[in-house]
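Structure record follows, encoded as structure tokens.
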Amino acid sequence: MRTATLGPAERAESLASMAEHELDLLVVGAGVVGAGTALDAATRGLSTGLVEARDWASGTSSRSSKLIHGGLRYLEMLDFALVREALKERGLLLERLAPHLVKPVPFLYPLQYRGWERLYAGCGVLLYDVMSMARTHGRGLPMHRHLSRGNALRVAPALKKDALVGALQYYDAQMDDARYVATLVRTAAAYGAKVANRARVAGFLREGERVVGARVQDVEGGGEYEIRAKQIVNATGVWTDDTQSMVGERGQFHVRASKGIHLVVPKDRIHSSTGLILRTEKSVLFVIPWGRHWIVGTTDTDWDLDKAHPAASSADIDYLLEHVNSVLAVPLTRDDVEGVYAGLRPLLAGESDATSKLSREHTVAHPVPGLVVVAGGKYTTYRVMAKDAVDAAVHGLDMRVAECVTEDIPLLGAEGYRAMWNARARIAARTGIHVVRVEHLLNRYGSLAEELLELIAADPALGEPLQSADDYLRAEIMYAASHEGARHLDDVLTRRTRISIETFDRGTRCAREAAELMAPVLGWDKDHIEREVQHYEKRVEAERESQRQPDDLTADAARLGAPDIVPL
């Protein structure tokens with residue numbers, strides 16, 4: 001089984017190695033597109049580096065709706081090419097590349113009008129299914145079905161009886177977006193890529209007009225490295241324009257940020273066995289099953305404030321509650337909300353001022369020699385974006401380079417996953433861990449769950465759940481620091497796990513226990529543990545305060561009350 005460890009020693013070695021030898025390709029930004037680009041390049045035989053200013057997926061790629069989908073609403077816009085491409089990628093992820101991370105999820109679309117709406121929506125969903133099967137991927141998902149009002153209420157009793165006259169049910173897929181990116185980075189490292197988070201590009205190296213490398217600051221250690229590369233890919237999402245400005249070029253396109261917020265509520269607050277998709281005046285609203293929770297989202301509004309920590313305002317929360325409550329028999333209240341998160345979509349700016357109208361297509365450009373920029377797109381099609389970015393970079397290399405092979409490269413944990421899933425009862429009996437816990441590990445780590453089981457075998461106390469976040473085992477916290485590149489408490493509670501949005505206290509009650517588990521791996525003393533805990537508590541309070549503010553401006557100011565942690 002191929003694996004890769006991303007602990008403190010490996011990070012230091014990666015930075016030193018990147019500075020010592022010229023790379024074929026350096027990727028800047030470790031969201032899903034940057035991580036995918038590093039994997040694409042490494043599996044073509046290119047010497048590859050990946051640097052990220054903060055944590056893997058710390059921007060857009062950890063704050064999505066967590067859906068892998070073809071984009072059903074893009075059919076209505078007649079964007080058949082985008083839907084076809086996304087459906088193919090959905091099938092690849094479900095069946096071949098990441099079956100341990102990407103799972104089918106049902107959605108119910110309530111019909112409000114008799115006759116014409118069932119015909120209109122039914123034709124769209126039928127086309128969606130047919131396009132999926134025509135790409136040879138996606139046959140594992142059930143076909144859509146038409147439901148009467150009575151049958152719809154049986155699968156979703158939470159709906160008001162007068163909110164629908166019938167319904168359609170269809171399937172898409174979902175994943176934990178931040179976990180997916182962390183696995184993607186580890187997979188790239190397993191194929192030889194050198195990767196480092198908390199490594200910020202401070203500027204580019206130039207020889208005449210050509211970009212030949214980057215000056216990279218080690219945010220943790222305080223040093224600076226000159227990393228030379230034959231080609232650099234800028235995959236920084238909503239920071240694309242900022243990164244481009246370092247070479248004195250805005251580029252051939254402009255990226256605008258659109259804010260989307262999501263609410264997380266407990267499973268028992270909405271009585272339904274299926275997700276929901278509701279039409280709003282601007283877009284669509286999803287109610288998505290998420291373990292013992294529901295995710296309700298999203299909004300789509302222009303954002304030109306702080307990009308690192310987009311804030312959800314009270315108005316944003318009220319908007320989502322108002323729209324979801326329009327169809328629920330028992331309305332949700334503010335007291336039902338466990339977590340709130342806000343993310344920014346990188347959209348290619350067009351002539352329309354409405355962000356919901358901006359392009360979800362992606363673009364690759366070569367603004368100056370030695371530098372490739374990739375921007376736009378959607379999470380589901382990250383692999384295609386990565387392929388296009390590497391294809392563009394290859395044109396600047398004086399060597400023959402193999403074609404993209406990532407369509408056939410499973411992510412770490414995929415190999416052997418189905419066999420382990422079938423043997424989960426025997427694994428539970430062998431390890432003494434309840435079968436539900438084994439299933440939890442398999443659906444988060446795939447066959448890499450064996451590495452966590454080995455940690456637990458060596459120290460049975462790691463097989464116990466966190467005291468105030470009992471969905472997660474203590475071993476997962478230590479593993480995040482030793483194997484997945486987590487450097488701070490926030491990395492673990494917000495991205496390696498989802499404790500920050502899945503508990504009403506937002507992770508503050510388990511913060512100290514988690515920090516103490518990370519400490520031996522990262523060399524923290526008691527003062528450092530205390531500092532990490534205090535910073536996390538301040539971050540949570542700043543987020544809560546921002547969510548009490550009436551608008552974006554005041555919410556942003558409140559959120560910035562908790563600065564990023566800076567190592568001593």
(message) Working note: Y128 + V83, criterion side chain to side chain contact (heavy atoms under 4.5 Å, CB included); need CA distance, chi angles, decisive distance, verdict.
(response) CA-CA 8 Å; Y128 196 63; V83 176; 4.1 Å; yes

(message) If you apply the rule side chain to side chain contact (heavy atoms under 4.5 Å, CB included), what do you find for W56 with T183, and how did you get there?
(response) CA-CA 10 Å; W56 321 133; T183 307; over 6 Å; no

(message) Is the terminal nitrogen or CZ of R424 (NZ for Lys, CZ for Arg) located under 6.0 angstrom from the six-membered ring centre of W421 and within 45° of that ring's axis?
(response) yes

(message) I'd like to know if R334 pairs up with D318 as an ion pair, taking the criterion as any Lys NZ or Arg NE/NH1/NH2 lying under 4.0 Å from an Asp or Glu carboxylate oxygen.
(response) yes

(message) According to salt bridge (Lys or Arg N to Asp or Glu O under 4.0 Å), who are the partners of R186, at least two apart in sequence or on a separate chain?
(response) E451

(request) Check whether any side-chain heavy atom of H535 lies under 4.5 Å from a side-chain heavy atom of L489, and answer yes or no. (result) no

(request) Could you tell me whether the side chain of W294 and the main chain of K267 form a donor-acceptor pair under 3.5 Å? (result) yes

(request) Taking salt bridge (Lys or Arg N to Asp or Glu O under 4.0 Å) as the test, write out the residues that go with D505, two or more places apart. (result) none

(message) Centroid separation under 6.0 Å, is that true for the rings of Y180 and Y382?
(response) yes

(request) Could you go through the salt bridge (Lys or Arg N to Asp or Glu O under 4.0 Å) check for R539 and D564 one step at a time? (result) CA-CA 9 Å; R539 197 213 82 169; D564 281 340; over 6 Å; no

(request) Under the salt bridge (Lys or Arg N to Asp or Glu O under 4.0 Å) rule, collect the residues that match up with E545, sequence neighbours excluded. (result) R548

(message) Using the side chain to side chain donor-acceptor pair (under 3.5 Å) criterion, which residues pair with R145? Sequence neighbours excluded.
(response) Q169

(message) Could you work out, with side-chain contact (heavy atoms from CB on, under 4.5 Å) as the rule, every residue matching K538, not counting sequence neighbours?
(response) A562

Could you pull out all donor-acceptor pairs under 3.5 Å where a side-chain atom in residues 152-167 meets a protein atom, sequence neighbours excluded?
residue	atom	partner	partner atom	Å
R154	NE	N151	OD1	3.3
R154	NH2	N151	OD1	2.5

(message) Apply side chain to side chain contact (heavy atoms under 4.5 Å, CB included) to residues L411 and L184 and explain how you reach the verdict.
(response) CA-CA 6 Å; L411 270 58; L184 200 53; 4.0 Å; yes

(message) Could you tell me if D129 and S132 have a donor-acceptor pair between their side chains, going purely by distance under 3.5 Å?
(response) no

(message) I'd like to know if the side chain of R90 pairs up with that of H69 as donor and acceptor (distance under 3.5 Å, no hydrogens or angles considered).
(response) no

(message) Test of understanding: with ring-ring contact (aromatic ring centres under 6.0 Å, His included), list the residues that count as partners of Y113, not counting sequence neighbours.
(response) W116

(message) Can you confirm whether more than 12 heavy atoms, excluding those of R426, are under 6.0 Å from its CZ atom?
(response) no

(request) Examine the side chains of D316 and T299 and answer whether a donor and an acceptor come within less than 3.5 Å of each other. (result) no

(message) Does this structure show an ion pair linking R559 with D306, if we count only N-O contacts that are shorter than 4.0 Å?
(response) no

(request) Indicate whether the side chain of Y417 and that of N443 have a donor and an acceptor atom separated by less than 3.5 Å. (result) yes

(request) Could you tell me which residues satisfy side-chain contact (heavy atoms from CB on, under 4.5 Å) with S58, sequence neighbours excluded, listed by chain and number? (result) E52, R54, D55, R495

(message) Could you work out, with side chain to side chain donor-acceptor pair (under 3.5 Å) as the rule, every residue matching S64, not counting sequence neighbours?
(response) D177

(request) Keeping to residues at least two apart or across chains, list the salt bridge (Lys or Arg N to Asp or Glu O under 4.0 Å) pairs with something in residues 461-472. (result) R292-D470, R292-D471

(request) For H440 and E476, test the side chains for any donor-to-acceptor distance below 3.5 angstrom and give the result as yes or no. (result) yes

(message) Restricting to ring-ring contact (aromatic ring centres under 6.0 Å, His included), what partner residues turn up for Y536, sequence neighbours left out?
(response) none

(request) Could you tell me how the ring of H262 sits relative to the ring of Y341: parallel (under 30°), tilted (30 to 60°) or perpendicular (over 60°)? (result) parallel

(request) Just jot down the salt bridge (Lys or Arg N to Asp or Glu O under 4.0 Å) partners of E484, sequence neighbours excluded, or say none. (result) R179

